Visitor: 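Pasting a structure below so you can have a look.
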Amino acid sequence: MSPLDSLRYLGVLAVVAAAFLGLSVFAAVARGPVVVAIHPGADVVPENLLRFYIDFSEPMQGGDAFAHLRLVDKNGPVADAFRELELWSRGQRRLMVYIHPGRIKRGLTYATTMGPVLREGESFRLEIAAGMKSSSGRAGSGGAKSFRVGSADREMPDVAKWVCSAGGIEVDEWLDHAGLEEYVTVDGRGPTVRGRRLVLPLAPGEHVLVVDPHLEDLAGNSFVRRFETRPEETDRAGGVVERRFVVR
Amino acid sequence: MSRWLCLIALFAVPATPQDDWFLVALRFDAKGTLYVADAKGGRVHAIETTDKAAKAAKVKIDDLGAALAKALNGNAGDVHVYALAVHPLSHAVYLSGSRVNGGPSTLFRVNAKGELDALPMKDLKMKTAALPKGCQPLDLVVGPTGLIVSSTVRDKNFLARLHVIALPLADAVGTADSELYHVSHEAWETQAPLNAMTTYEKDKKTYVLGSTMCTPVVRLDAADVVDKKKVKSSTIVELGMGNAAVTLAVYTKEKKPMLLVSSEEATYSIEGKVLDEAEKINEKAINRNKGEVDGVKVLDAWKQVSKFALLDEVSFVVIKRGAKMSLETVELP
């Protein structure tokens with residue numbers, strides 16, 4: 001191949017690459033925002049699950065979430081499932097949605113009359129309909145997650161039960177996703193959160209796991225207090241939860 | 001090719017929203033500075049207004065939905081009013097409106113003809129204070145030590161916060177945790193933010209009256225909202241299921257203070273003796289779930305009212321739900 005041919009070949013490659021890149025960008029822009037994750041990722045959640053997080057691929061406009069969100073059981077959409085307050089973070093890319101706390105806490109008239117939103121043993125589906133708008137006005141394609149409901153969780157999490165190894169840490173129960181991202185460090189570093197696994201490489205030797213006590217499980221029980229407390233209960237004293245462990 | 005480039009450019013350049021804020025609360029101080037809570041930005045703004053003093057005049061917009069829809073380029077069924085306030089000097093009505101189905105808020109002033117004049121953010125002279133990271137404001141009031149803002153945490157944890165910001169709006173934001181007694185639940189709550197608030201003056205002290213999604217009306221001393229302190233409030237009434245408060249306001253009728261509370265369910269007037277109650281609080285608070293109604297009255301004529309603001313000594317401006325959303329002037333109940 002002559003130098004001229006090589007140049008021509010490279011030129012064609014560059015044009016093809018540019019066209020491919022352009023088309024990819026065009027396709028991404030044209031399709032609008034997509035749901036990239038719904039947390040918790042668990043297949044089974046406690047009956048007193050407190051919240052969902054919905055992550056989008058780009059900043060969202062907000063204000064239209066509850067026109068597009070619904071929780072569906074075998075009978076259809078569940079009425080009054082959410083506390084309809086849009087809570088956005090991560091530059092409008094993450095929406096936090098509370099299941100109505102008035103239907104989670106025991107003893108409330110609302111919970112007694114309406115019943116709990118989630119019922120143990122049943123299956124549900126969280127649906128985000130197409131059409132939620134990004135901050136640039138493009139409509140999203142929506143998303144969904146199905147899950148089953150297990151028994152209620154009314155216990156505080158316990159860091160002593162976490163399994164620590166060279167590949168990271170396996171927590172003993174599903175915990176709040178955003179909390180895990182922010183409230184846990186090992187030797188001062190934050191891990192990557194993949195469900196119940198906190199991924200970060202750990203060399204052989206001693207390590208220090210530090211957990212902010214405000215970290216909650218899926219039902220809002222933290223290291224400070226349970227989600228539902230009685231008047232006689234007091235908060236856990238002390239600051240961060242620290243655990244030293246050795247990787248061999 | 002150029003047509004393709006134009007098409008790509010059309011998609012690639014995002015439309016710029018008119019105003020990048022979501023105003024969930026509006027409140028004037030006595031001098032006419034307007035304080036607004038921006039839920040999207042997690043901040044509050046103090047806006048200088050140039051209104052001239054004028055007598056209060058009746059206001060009426062029969063089809064507020066249509067007027068808002070026209071101003072917001074939406075449909076009457078898709079628009080919503082998030083907050084309402086009356087200027088203390090000009091008595092002009094201010095409101096924040098938005099298309100429910102997306103879109104940022106627009107601040108409006110109702111003019112003498114009963115029309116909505118938009119006040120673009122870029123034209124306003126204002127000062128801004130950011131709440132701590134992750135805090136989303138719900139309502140605000142002007143207290144003796146500064147602006148008091150209620151918030152919830154939007155990125156994780158289920159916490160109720162009260163902030164105090166010295167005036168004129170300072171950069172430093174004090175943050176207190178709030179704790180209230182939940183009558184139905186028979187428990188103290190640190191996780192129930194105040195959705196709606198107002199202030200009440202008694203014996204030269206200022207109190208904040210507020211309510212949560214789970215329906216107790218509480219009272220706290222405004223001076224107790226101090227940085228890094230836990231503010232413990234007194235629950236004075238349990239409104240009962242379905243009565244998450246939308247608006248609260250204190251007014252004077254026949255020289256006696258009254259609290260007006262609207263919810264999705266009904267509107268209530270609560271007598272001053274209940275607001276001052278020192279004994280029947282918390283576990284002993286008036287509980288409508290148990291049929292206790294002494295000093296608490298359901299206002300049937302106000303059933304359709306969602307939001308209101310005191311216009312003068314004899315009337316409120318109200319927003320009514322119904323087939324058509326309207327803005328009206330009504331006498332004190």
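As the structure is a computational prediction, the values presented were derived from the model and not from experiment. Note on naming: letters A, B, ... go to the chains in the order of the sequence lines (proteins, then strands), and numbering restarts at 1 for each one.
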Visitor: Heavy atoms, side chains only, cut-off 4.5 Å: are A:Arg103 and A:Pro116 in contact?
Guide: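 No; the side chains remain at least 4.5 Å from each other.
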Visitor: Considering only heavy atoms, which portion of A:Leu95 lies under 4.5 Å from any heavy atom of chain B: side chain, backbone, both, or neither?
Guide: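 Nothing of A:Leu95, per the 4.5 Å heavy-atom cut-off to chain B.
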Visitor: Given heavy-atom pairs under 4.5 angstrom as the criterion, report whether the side chain, backbone, both or neither of A:Tyr98 touches chain B.
Guide: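 The side chain, not the backbone.
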Visitor: Hey, could you give me each pair passing side chain to side chain donor-acceptor pair (under 3.5 Å) that has a residue in residues 68-77 of chain B? Not counting sequence neighbours.
Guide: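 Qualifying pairs, neighbours excluded: B:Asn75-B:Asp78.
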Visitor: Taking C-beta and beyond as the side chain, do A:Leu209 and A:Val159 meet within less than 4.5 Å on heavy atoms?
Guide: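 Yes, their side chains come closer than 4.5 Å.
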Visitor: Looking at side-chain heavy atoms only, is the closest gap between A:Phe56 and A:Ser134 below 4.5 Å?
Guide: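 Not touching, per the 4.5 Å side-chain cut-off.
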Visitor: Using the test salt bridge (Lys or Arg N to Asp or Glu O under 4.0 Å), find all partners of A:Arg225 that sit at least two apart in sequence or belong to another chain.
Guide: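 Partners of A:Arg225 by the salt bridge (Lys or Arg N to Asp or Glu O under 4.0 Å) criterion, ordered by chain and then number, come out as A:Asp235.
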Visitor: Can you list everything that forms a side chain to side chain contact (heavy atoms under 4.5 Å, CB included) with B:Ser211? Sequence neighbours excluded, please.
Guide: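 With sequence neighbours excluded, B:Ser211 shows a side chain to side chain contact (heavy atoms under 4.5 Å, CB included) to B:Val217, B:Ala245, B:Leu248, given in chain and number order.
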Visitor: When only pairs under 4.5 Å are counted, which of A:Arg94, A:Gln92, A:Met60 shares the most heavy-atom pairs with chain B?
Guide: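 Max contact count across the listed options: A:Gln92.
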Visitor: Suppose a student defines contact as a heavy atom less than 4.5 Å from any heavy atom of chain B. Which residues in residues 173-181 of chain A would they list?
Guide: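 From residues 173-181 of chain A, the residues near chain B are A:Asp176, A:Ala178, A:Gly179.
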Visitor: Heavy-atom distances under 4.5 Å only: say whether B:Val153 touches chain A with side chain, backbone, both or neither.
Guide: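 Looking at B:Val153, just its backbone touches chain A.
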Visitor: Looking at A:His68, A:Arg138, A:Gln61, which one forms a side chain to side chain contact (heavy atoms under 4.5 Å, CB included) with A:Lys133?
Guide: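 Among A:His68, A:Arg138, A:Gln61, the one that satisfies the side chain to side chain contact (heavy atoms under 4.5 Å, CB included) with A:Lys133 is A:Gln61.
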Visitor: Is A:Arg51 close to chain B through its backbone or its side chain, or both, or neither, when contacts mean heavy atoms under 4.5 Å?
Guide: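 Side chain only.
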Visitor: Would you call A:Arg93 and A:Asp55 a salt bridge, using N to O less than 4.0 angstrom?
Guide: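 No, this pair does not count.
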